[in-house]
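Labels below follow one simple rule: chain letters A, B, ... track the order of the sequence lines, proteins then strands, and each chain is numbered from 1. Side chains are part of it too, since the values below use all heavy atoms of this structure and drop only hydrogens, waters and symmetry mates. It should be emphasised that the depicted structure is a prediction, and the values quoted were computed from it without experimental measurement.
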Amino acid sequence: MSAPPTGITRTTLLKDLRLEWRSKDAVNSMLFFSLLVVVVFSFSFDPSAEESRQIAGGLIWVAFLFAAVVALNQTWAREIRNQVLDAYRVSPAPANSLFLAKTLGNFIFVSVLEALMTPLFIAFYRLRTLGPAWQLLLAALLGTWALVVNGTFFAAMSLRTRSREIMLPLLLFPISIPAVLAMVQSTTAILNGESARFWIVLLATYDVVFTTVCLLLFETVLNAE
Amino acid sequence: MKKAFPILGVLTAILLIWALYQALVGAPTEQTMGNVQRIFYYHVPSALVGFMLFFVNFGASVLYLIKRNPVADIVALVAAEVGVVFLTVNLVTGPIWARPVWGIWWTWDMRLTSTLVLWLIYVSYLFLRRFSSSGETPALAAALAVLGALCVPFVYFSIWFFRTQHPQPVMGGGGSIDPRMLHVLLLNWLAFSFFAFLVCWSRYRLETLQRAVDQAHALESLLDPSGSVR
């Protein structure tokens with residue numbers, strides 16, 4: 001008897017969360033990295049409140065994008081040691097359960113990072129939003145999912161390459177350009193009290209399409225030894 | 001097949017020379033832009049050929065994912081490589097034209113940006129093929145090609161929101177163009193398509209040969225009982 005797919009997803013996710021809770025490797029390195037980005041940018045621009053609203057959307061997402069790559073690169077590294085990934089491939093467990101577990105795990109890590117970094121951002125850049133704040137939350141959730149679903153997929157793909165840590169951003173960034181643009185533009189629009197409807201709908205569509213295709217193609221990538 | 005190759009080569013050369021002559025001498029000079037407008041006969045066909053080849057790459061990649069046909073994989077690889085070259089020609093000729101006409105080298109306009117993003121996606125595709133250490137590179141590359149092609153409409157829609165500065169498309173865009181200019185444009189498109197096909201063909205033969213050689217080497221080292229390291 002094989003376990004139900006959702007059970008496999010839950011077990012893998014809980015295992016990853018427990019490992020992360022004990023080591024805090026991914027979250028700590030992401031936090032420190034994005035802290036560096038925020039400090040360096042804040043030094044070099046020292047913007048007024050009005051300018052902040054114009055540039056913050058771009059800065060915040062670039063910081064999170066680069067930081068997320070740090071965590072995404074570690075996603076599969078654990079499973080390579082002791083041939084865990086090979087064991088998984090041999091087992092009858094569906095590949096997509098593993099993919100979903102890893103994606104959800106990364107989503108939680110990056111969300112934690114964002115929750116911790118946002119107050120700092122607000123303080124450093126003296127940000128005050130002119131639009132409704134709940135829309136910012138919506139844009140952040142959709143944007144994070146877009147980053148993480150593609151990132152987890154391409155991290156698995158770059159496992160099969162030489163110099164895999166460099167390969168992930170090379171594959172992830174070009175495909176993520178529309179998503180990043182939508183995140184930045186929606187954040188800037190909400191901060192300035194304008195309508196972000198178009199960008200949020202675009203992000204949601206992007207999420208649906210890329211999640212579906214990643215789920216369809218993940219088994220191919222997992223089995224490409 | 002082997003005889004057809006030189007014939008096609010000669011035909012392509014004649015076409016290219018004739019198209020060049022038409023573009024530089026035959027076509028009427030544009031009233032406001034002057035001779036700089038003639039770059040259009042290279043700029044537009046190279047983009048069209050590049051897009052065509054990316055379309056071929058997408059089709060071949062989907063076919064590979066379904067049928068695991070090695071020929072489809074080679075076609076996808078070749079189409080992406082040659083497509084990137086043609087799109088590069090397009091991206092280089094664009095600014096050369098834009099500087100005297102618009103007064104700027106580059107603008108974040110819809111068509112320029114989406115072409116650049118498309119170029120970036122296919123360059124990353126070539127990177128994956130180059131750096132992959134997997135025995136199943138074709139499958140990985142095909143998966144990336146599908147995701148990349150899906151990205152195109154998103155790029156287009158997201159950048160559609162910005163104001164567009166690029167001249168409207170000549171064909172189907174409702175713009176007016178001198179019929180003699182259109183004639184030269186189509187002639188150049190034909191010549192470029194022939195040229196692209198010729199390059200793809202020779203690259204295809206090279207890749208097939210390369211794989212046969214690799215396979216022969218692998219087989220030989222398996223059969224070699226002395227186990228000597230080459």
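- For Ser124(B) against Leu170(A), the heavy-atom pair with the smallest separation is CB-O, 3.2 Å.
- Proximity to chain B (any heavy atom under 4.5 Å) is shown, for Met157(A), by both the backbone and the side chain.
- Residue Thr205(A) touches chain B through both its backbone and its side chain, counting heavy-atom pairs closer than 4.5 Å.
- Heavy atoms of other residues, nucleotides or ligands lying less than 6.0 angstrom from CZ of Phe127(B) number 12 at most.
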Less than 3.5 Å apart, which donor and acceptor atoms pair up between the side chains of residues 212-222 of chain A and the rest of the protein, not counting sequence neighbours?
| unit_1 | atom_1 | unit_2 | atom_2 | d |
| --- | --- | --- | --- | --- |
| Thr212(A) | OG1 | Val208(A) | O | 2.5 |

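- Neither the backbone nor the side chain of Leu118(B) comes within contact range of chain A; no heavy atom of the residue lies under 4.5 Å from a heavy atom of that chain.
- The contact between Ile177(A) and chain B is made entirely by side chain atoms (from C-beta outward), counting heavy-atom distances below 4.5 Å.
- For the atom pair CG (Leu128(B)) and CG (Leu171(A)), the distance works out to 5.5 Å, reported to the nearest 0.5 Å.
- Smallest separation of non-hydrogen atoms from Ser132(B) and Arg160(A): OG-O, 3.6 Å.
- Within residues 137-156 of chain A, the residues having any heavy atom under 4.5 Å from a heavy atom of chain B are, by residue number, Phe153(A), Phe154(A).
- In this structure, chain A has a heavy atom under 4.5 Å from the side chain of Arg68(B), while its backbone stays farther away.
- For a heavy-atom cut-off of 4.5 Å, chain A lies close to no residue in residues 76-93 of chain B.
- Along residues 145-152 of chain B, the residues that come nearer than 4.5 angstrom to chain A, judged on non-hydrogen atoms, are Val146(B), Leu147(B), Gly148(B), Leu150(B), Cys151(B) in order of number.
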